[in-house]
Amino acid sequence: MKRNYSAFAEDIPPYSGPKAARETHADLKQLSAIPGHIYTRPELQILPGQRRFSKMPWLVPMLELLPPSSIGHLKEWGLSTVFVLAKNYNKLVHVWESVMAMAELWHPQTNSFIFPEFEATILLEELEIMLGLPRYQRGEESTVSYTVEQINSWSILAYITTKKNDLYSMTSGMHIHLLPISQWITSQCKRKTTNYTAIAKAAAICICGVILSPESDGAISFGNLSIIDSISEGMKIGQAVLGFLYAGLTSAALGGPFYESVVALELWMGMHIQFRATEDLTTECKTMLNHPVAYVGGRLHMSTRVWCKTAQVKGIKAWCKYLRSLTVADFDMLPRFMHGRIIHLPQRTRLALRLLGNGALVSYNPDRCHLQCGAARTVVLLLSHFPPIQERKRGDAQDERDMRSAVVHWEGCAMSAIQAEVEEDDDATKEYVEALKKLQPVGENI
């Protein structure tokens with residue numbers, strides 16, 4: 001199934017230079033003024049299809065058969081956390097009401113959530129740490145995973161199998177099916193073959209497809225197949241995963257298909273909104289037991305003995321009301337795992353960074369989220385002259401130029417260490433909150 005990464009900009013002419021683009025994207029819109037935004041469509045049922053995020057009976061049995069050498073390869077490639085999440089995937093309980101209430105606050109122009117007093121987004125550094133992915137550092141742009149060439153899925157899968165019947169069963173249209181790949185892995189493991197690297201590559205496709213880039217009916221796109229395959233070569237996939245998550249949120253916010261990494265989003269919500277570490281609790285938090293944080297909490301300095309701030313929030317209406325009134329005090333701006341971390345920021349205002357991936361170039365605006373970056377709130381930033389999501393056309397000369405331009409911006413990006421304490425000016429904060437109100441939705445739909 002072809003994904004429309006540029007749903008918000010479908011009526012906007014193609015990018016034709018800074019001046020034209022600046023005029024096109026100059027005005028920030030109120031959420032409730034964005035055509036098709038789900039905030040104005042309370043009757044719309046946009047919970048994802050059950051098959052896309054359903055329990056997969058083949059996943060855990062296949063992972064339990066993996067030989068130690070193949071598991072070792074997955075660890076070497078930085079997929080230990082993804083492996084743990086996949087192995088416990090059938091135990092996870094997704095709170096769809098909270099996820100969809102968050103999607104209602106997603107702004108497709110800014111790629112951020114709009115709360116009453118602040119903007120927030122999933123930072124690249126947060127995503128990499130939460131999922132245990134290899135981390136990007138400035139100067140390592142050559143290791144960021146993407147391709148400007150057309151993708152030949154069979155050439156990638158040929159490392160696993162060259163049998164045409166297998167290849168035909170694994171592919172259809174522009175998608176790769178995970179079930180036939182898992183069946184191939186199971187067959188190899190039961191026969192006790194020594195194709196440990198090939199088995200690990202196939203397992204990486206399955207676990208990353210389920211956790212990082214789930215699409216319709218247990219399938220992933222050719223673009224994401226190429227991204228996943230590159231991790232065994234030492235490439236960094238965090239930007240592609242985050243861009244896919246942003247694009248999925250935009251699709252859901254505009255009433256389209258929901259196809260993002262819900263596990264990554266719930267990890268982020270858990271650390272910032274739902275759970276708060278305390279020293280006094282002696283019993284486990286039941287809410288967390290089936291939450292993704294329960295399986296990766298160690299690396300996030302979080303145990304299951306926490307206080308759940310949202311334990312009494314039940315149902316979509318309650319979640320919408322809670323999130324739409326969320327204050328700075330209720331949002332953990334600087335979770336412990338981010339203390340002192342170096343984050344990457346645009347070199348200057350409106351010169352946005354863009355997340356590199358095989359599906360789209362996606363605007364990345366961490367500087368909009370002042371407090372989350374350890375800075376005082378000052379002004380609500382104007383938009384960059386780049387479109388929020390620019391669908392790619394691999395193999396096209398203009399696409400290659402756009403990708404090179406995006407890489408140059410990362411090469412020259414600013415770097416900042418997150419400060420645990422932030423001093424704010426009351427007058428500047430008031431002006432900021434007043435300006436932010438212009439983006440918040442008008443009226444209630446709950």
Side-chain angles (χ1 to χ4, degrees), residues 7-9 25-42 44 46 97-123 126 242 245-256 258 260 265 268-269 272-274 310 313 316-333 349-350 352 362-373 375-384 387-389 424 428-446:
F8 180 74
H25 301 283
D27 296 326
L28 273 167
K29 291 182 172 63
Q30 234 165 4
L31 281 177
S32 52
I34 294 174
H37 199 283
I38 60 174
Y39 188 91
T40 62
R41 303 159 73 187
L44 190 64
I46 57 173
E97 293 84 0
S98 66
V99 173
M100 301 322 298
M102 285 294 295
E104 286 195 5
L105 298 180
W106 181 257
H107 202 303
Q109 286 180 299
T110 63
N111 288 337
S112 63
F113 298 104
I114 306 298
F115 294 102
E117 300 175 356
F118 61 97
E119 286 185 64
T121 196
I122 303 100
L123 300 177
E126 289 180 324
L242 186 57
L245 175 54
Y246 279 11
L249 280 165
T250 292
S251 177
L254 297 174
F258 186 104
E260 64 198 52
L265 179 58
W268 185 83
M269 290 177 63
H272 285 285
I273 296 173
Q274 292 173 269
T310 58
V313 183
I316 184 68
K317 290 186 177 180
W319 271 105
C320 287
K321 183 178 180 180
Y322 180 82
L323 293 176
R324 290 175 201 171
S325 59
L326 197 71
T327 66
V328 169
D330 295 325
F331 189 95
D332 190 355
M333 291 292 174
T349 303
R350 301 191 73 179
V362 182
S363 287
Y364 177 57
N365 305 303
D367 50 329
R368 301 190 67 88
C369 310
H370 300 86
L371 292 173
Q372 207 179 341
C373 295
R377 287 168 288 180
T378 52
V379 297
V380 175
L381 300 181
L382 297 175
L383 290 169
S384 162
I389 299 178
E424 293 198 275
T429 299
K430 288 178 182 178
E431 290 182 13
Y432 170 85
V433 172
E434 285 301 312
L436 190 64
K437 288 180 180 178
K438 296 178 181 179
L439 300 186
Q440 294 166 23
V442 175
E444 293 289 335
N445 69 349
I446 57 177

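Count residues from 1 along the sequence. Hydrogens, waters and symmetry mates are skipped; everything else that's a heavy atom, side chains included, is used.
- With sequence neighbours left out, the side chain to side chain donor-acceptor pair (under 3.5 Å) criterion links T327 to D330.
- The shortest side-chain heavy-atom distance between P108 and H37 falls under the 4.5 Å cut-off.
- Counting only heavy atoms from C-beta outward, the side chains of T250 and P388 never approach each other to under 4.5 Å.
- Q372 pairs by the side chain to side chain donor-acceptor pair (under 3.5 Å) definition with E126, not counting sequence neighbours.
- Taking the six-membered ring for Trp and thresholds of 30 and 60 degrees, Y322 and W319 have ring planes more than 60 degrees apart, a perpendicular arrangement.
- Residues Y39 and Q440 form no side-chain contact, since every pair of their non-hydrogen atoms from C-beta on lies 4.5 Å or further apart.
- I34 is listed as a side-chain neighbour of L254, based on a closest heavy-atom distance under 4.5 Å.
- Atom CG of L105 is separated from atom CD of E119 by 11.5 Å, given to the nearest 0.5 angstrom.
- The closest donor-acceptor contact from the side chain of S363 to the backbone of T110 lies at 3.5 Å or more, if one exists at all.
- Checked by atom type and distance alone, the side chain of E117 never pairs as donor or acceptor with a backbone atom of L436 at under 3.5 Å.
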Requested in this report: Walk me through it: do T378 and Y432 pass the test side-chain contact (heavy atoms from CB on, under 4.5 Å)?
Outcome: CA-CA 6 Å; T378 52; Y432 170 85; over 6 Å; no

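- Every ring pair (Phe, Tyr, Trp, His ring centres under 6.0 Å) that H272 has, sequence neighbours left out, goes to W268, F331.
- Residues F258 and V99 have side chains in contact (heavy-atom distance under 4.5 Å, counting atoms from C-beta outward).
- A donor-acceptor pair is defined here as one N or O able to donate and one able to accept, closer than 3.5 Å; no such pair exists between the side chain of Q274 and the backbone of T310.
- The heavy-atom pair separating P366 from L123 by the smallest distance is CB-CD2, 3.7 Å.
- The structure places OG1 of T429 at 9.5 Å from CD of E431, a figure rounded to the nearest 0.5 Å.
- Rounded to the nearest 0.5 Å, atoms OG (S112) and CG (D367) are 10.5 Å apart.
- A search for side chain to side chain donor-acceptor pair (under 3.5 Å) contacts involving T121 returns Y246, not counting sequence neighbours.
- Separation of atoms CG (L28) and NZ (K438) is listed at 10.5 Å; rounding is to 0.5 Å.
- Residues Q109 and D27 come closest through the heavy atom pair NE2-O, 2.9 Å.
- When the salt bridge (charged side-chain N to carboxylate O under 4.0 Å, His left out) test is applied to E424, the partners found at least two apart in sequence or on another chain are R377.
- The shortest side-chain heavy-atom distance between I273 and M102 falls under the 4.5 Å cut-off.
- Between V433 and P116, the shortest heavy-atom distance links the atoms CG1-O, 4.0 Å.
- For the pair I114 and W106, the minimum side-chain heavy-atom distance is 4.5 Å or more.
- Atom-to-atom distance recorded for L383:CG and K29:NZ is 9.0 Å, nearest 0.5 angstrom.
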**Report entry** Candidate pair N365 and L381, rule side-chain contact (heavy atoms from CB on, under 4.5 Å), full reasoning
**Finding:** CA-CA 10 Å; N365 305 303; L381 300 181; over 6 Å; no

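- Contact between I38 and A252 at its shortest, heavy atoms only, is CG2-O, 3.3 Å.
- L31 places a side-chain heavy atom less than 4.5 Å from the side chain of H107.
- Shown here for I122 and Y364, the closest heavy-atom pair between the two residues is O-CE1, 4.1 Å.
- Interatomic distance, CZ of R324 versus CZ of F115, reported as 11.5 Å (0.5 Å rounding).
- Under the rule for a side chain to side chain donor-acceptor pair (under 3.5 Å), the partners of K437 that lie at least two apart in sequence or sit in another chain are E434.
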